[in-house]
2 protein chains.
Amino acid sequence: MALEHALLVALREQPASGLDLARRFGRSIGFFWSATHQQIYKVLGRMESDGWVEATEVSQSGKPDKKVYDVTPAGRAALAAWLAEPTPTHALRSDLAVKMRGASFGDREAVLDVVRANLADHHVRLDHYRQLMKRDYPDGSGALAGLDLDQYLVLRGGILTEETWVAWLTEYLEAHA
Amino acid sequence: MALEHALLVALREQPASGLDLARRFGRSIGFFWSATHQQIYKVLGRMESDGWVEATEVSQSGKPDKKVYDVTPAGRAALAAWLAEPTPTHALRSDLAVKMRGASFGDREAVLDVVRANLADHHVRLDHYRQLMKRDYPDGSGALAGLDLDQYLVLRGGILTEETWVAWLTEYLEAHA
DNA sequence: CATGCCTATGCAACGAGTTGCAATCCTCGG
DNA sequence: CCGAGGATTGCAACTCGTTGCATAGGCATG
């Protein structure tokens, strides 16, 4: 239900084509929200027929044309309304947690390998986020406000989340060492 | 894809009926994995026709009969195979993060209210988990092993996760104070 | 020119989960 | 007896997202 609104946020930050969005959702935004290009095209089409966004054909040199989407006033209103709605908090929902809990019912060493692989992945992500932080906010949050501050704070959330994963999986592995 | 395996883990811990499972998924297990009874019945039916579980009709005094499911050898093998598979890590996926990032495009004070409501909810969950921890593991993890240790460690993960949410949302609110 | 590769957009089929509703069995209170 | 209400199981329709594939333009290389 929220991909539409995530796309509205992304397009308000910067108008873009479907594939541009897919790339952004694979990078900075997408570390906190993922979506494939198929899903993005599908939702963009619905949003366009709902009048939330409108597309402009843009010619490119050396590449096929692309359709750059921008948010309409109706889309802005829909976004503002959604932003003010309460959001239910839903639980974690992690395959890995299920495997950790069920490790006794299979090959424990195999589960530990899965956990180790995930830990390595979370280390990579954490390093990546920290690099983004250093590159984009070398002076900390002091001078930020509005959109910049919000982007900073969401990146902070990503870092906190990855640190938690690292801590948790490390604790799991040490307890089973 | 993993509800089936989450159910296998739950049933290996303790055979149960569909509604029993729904209640457990609304409680201890479900703080890390949620599922409605409809979804559980649907998946249990498929698992039964796949030969992963088998049901026994059990009469109850004062209540309708119930079907208690237990895991078959084929189900045990399927669970063991799944446990050893690698698990891709997928990103956060949080409506609230999108709202925090997009707060500039709507009524910021309304978004802050949404964040405050979520913060209160995470405080409640954190308290709940800590009570579970105190009730079920008053002596810490020292003497635990196997299934008990795993259950403890997953609860630890829940606590770490909720602490992270509390820290993050608090930081967000203070930055916009 | 033919082939392969990248960009860009999109369709179709499927799987998973949610929401709303229904049916049955049982007990309890009036 | 009758109706209310909880327990138990389940169906149907819908939304959301994934996976696999298709189409087309343009470039580079052999």
Side-chain angles (χ1 to χ4, degrees), chain A residues 1-8 11 15-27 30 32-50 53-69 82 87-95 98, chain B residues 1-8 11 15-26 29-30 32-50 53-69 82 87-95 98:
Chain A
M1 200 56 144
L3 178 56
E4 289 160 280
H5 301 102
L7 290 175
L8 285 175
L11 290 176
S17 71
L19 210 54
D20 289 339
L21 287 167
R23 277 189 283 252
R24 275 205 253 161
F25 273 69
R27 296 190 157 271
F32 314 102
W33 198 277
S34 69
T36 61
H37 69 98
Q38 291 93 332
Q39 179 71 2
I40 288 171
Y41 282 121
K42 199 190 308 184
V43 173
L44 277 177
R46 186 170 63 228
M47 289 166 74
E48 188 175 16
S49 58
D50 287 349
V53 296
E54 56 190 7
T56 314
E57 294 272 344
V58 173
S59 304
Q60 304 183 98
S61 64
K63 298 176 196 172
D65 294 356
K66 64 179 178 180
K67 290 164 70 178
V68 172
Y69 289 88
W82 176 76
T87 314
T89 69
H90 41 228
L92 191 50
R93 185 58 89 86
S94 159
D95 282 29
V98 176
Chain B
M1 200 52 146
L3 177 56
E4 289 159 282
H5 301 102
L7 290 174
L8 286 175
L11 290 176
S17 70
L19 210 55
D20 290 339
L21 287 167
R23 277 189 284 253
R24 274 205 255 160
F25 273 70
I29 299 180
F32 314 101
W33 197 278
S34 70
T36 62
H37 68 98
Q38 291 94 332
Q39 178 70 3
I40 288 172
Y41 282 121
K42 199 191 304 185
V43 173
L44 277 177
R46 184 169 64 227
M47 291 167 72
E48 189 175 16
S49 58
D50 288 348
V53 296
E54 57 189 6
T56 316
E57 294 270 344
V58 173
S59 305
Q60 303 183 97
S61 65
K63 297 177 197 170
D65 293 357
K66 65 178 177 180
K67 289 165 71 177
V68 172
Y69 288 89
W82 176 76
T87 316
T89 69
H90 39 229
L92 190 53
R93 187 57 89 84
S94 160
D95 282 28
V98 177

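Chain A is the first sequence line, chain B the second, and so forth, proteins listed ahead of strands; every chain is numbered from 1.
- Here the nucleotide nearest the side chain of K67(B), chosen from dT7(C), dT8(D), dG10(D), is dG10(D).
- Rounding to whole angstrom units, CG of residue L3(B) and P of dC16(D) are separated by 20 Å.
- The distance from atom CZ of R46(B) to atom P of dG10(D) is 15 Å, rounded to the nearest whole Å.
- Taken from CG in L3(B) to NZ in K42(B), the straight-line distance is 10.0 Å, to the nearest 0.5 Å.
- Whole-Å rounding puts the I40(A) CD1 to dC11(C) C1' distance at 16 Å.
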Scan the side chains in residues 15-25 of chain A for donor-acceptor partners under 3.5 Å anywhere in the protein, sequence neighbours excluded, and list what turns up.
| residue | atom | partner | partner atom | Å |
| --- | --- | --- | --- | --- |
| S17(A) | OG | D20(A) | N | 3.2 |
| S17(A) | OG | D20(A) | OD2 | 3.1 |
| D20(A) | OD1 | R23(A) | NH2 | 3.4 |
| D20(A) | OD2 | S17(A) | N | 3.2 |
| D20(A) | OD2 | K66(A) | NZ | 3.3 |
| R24(A) | NH1 | A10(A) | O | 3.1 |
| R24(A) | NH2 | Q14(A) | O | 2.5 |

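- Judged as a side-chain hydrogen bond (donor to acceptor under 3.5 Å, both in side chains), and not counting sequence neighbours, the contacts of T89(A) are D121(B), R125(B).
- In this structure R93(B) satisfies the salt bridge (Lys or Arg N to Asp or Glu O under 4.0 Å) test with no other residue, sequence neighbours excluded.
- At whole-Å resolution of the value, CD in E48(B) and P in dG10(D) are 8 Å apart.
- Legend: residues meeting side-chain contact (heavy atoms from CB on, under 4.5 Å) with T56(B), ordered by chain and number and at least two apart, are absent.
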- request: Any chance you could list the contact pattern along nucleotides 19-26 of chain C? Use B for base contacts, S for sugar-phosphate-only contacts and - for none, protein heavy atoms under 4.0 Å, 5' to 3'.
  value: BBB---BS

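- Taking atom CZ on R93(B) and atom P on dG17(C), their separation rounds to 13 Å, with Å as the unit.
- When the C1' atom of dC6(C) is taken as reference, atom NZ of K66(A) falls 14 Å away, rounded to whole Å.
- Rounded to whole Å, the distance from CD on E4(B) to P on dG15(C) is 11 Å.
- In this structure, L19(B) places its CG atom 12 Å from C1' of dG10(D), rounding to the nearest Å.
- Between Y41(B) and dT9(D), a side-chain N or O to OP1/OP2 separation shorter than 4.0 Å is present.
- The side-chain contact (heavy atoms from CB on, under 4.5 Å) search around E48(B) returns V53(B), A55(B), K67(B), Y69(B), not counting sequence neighbours.
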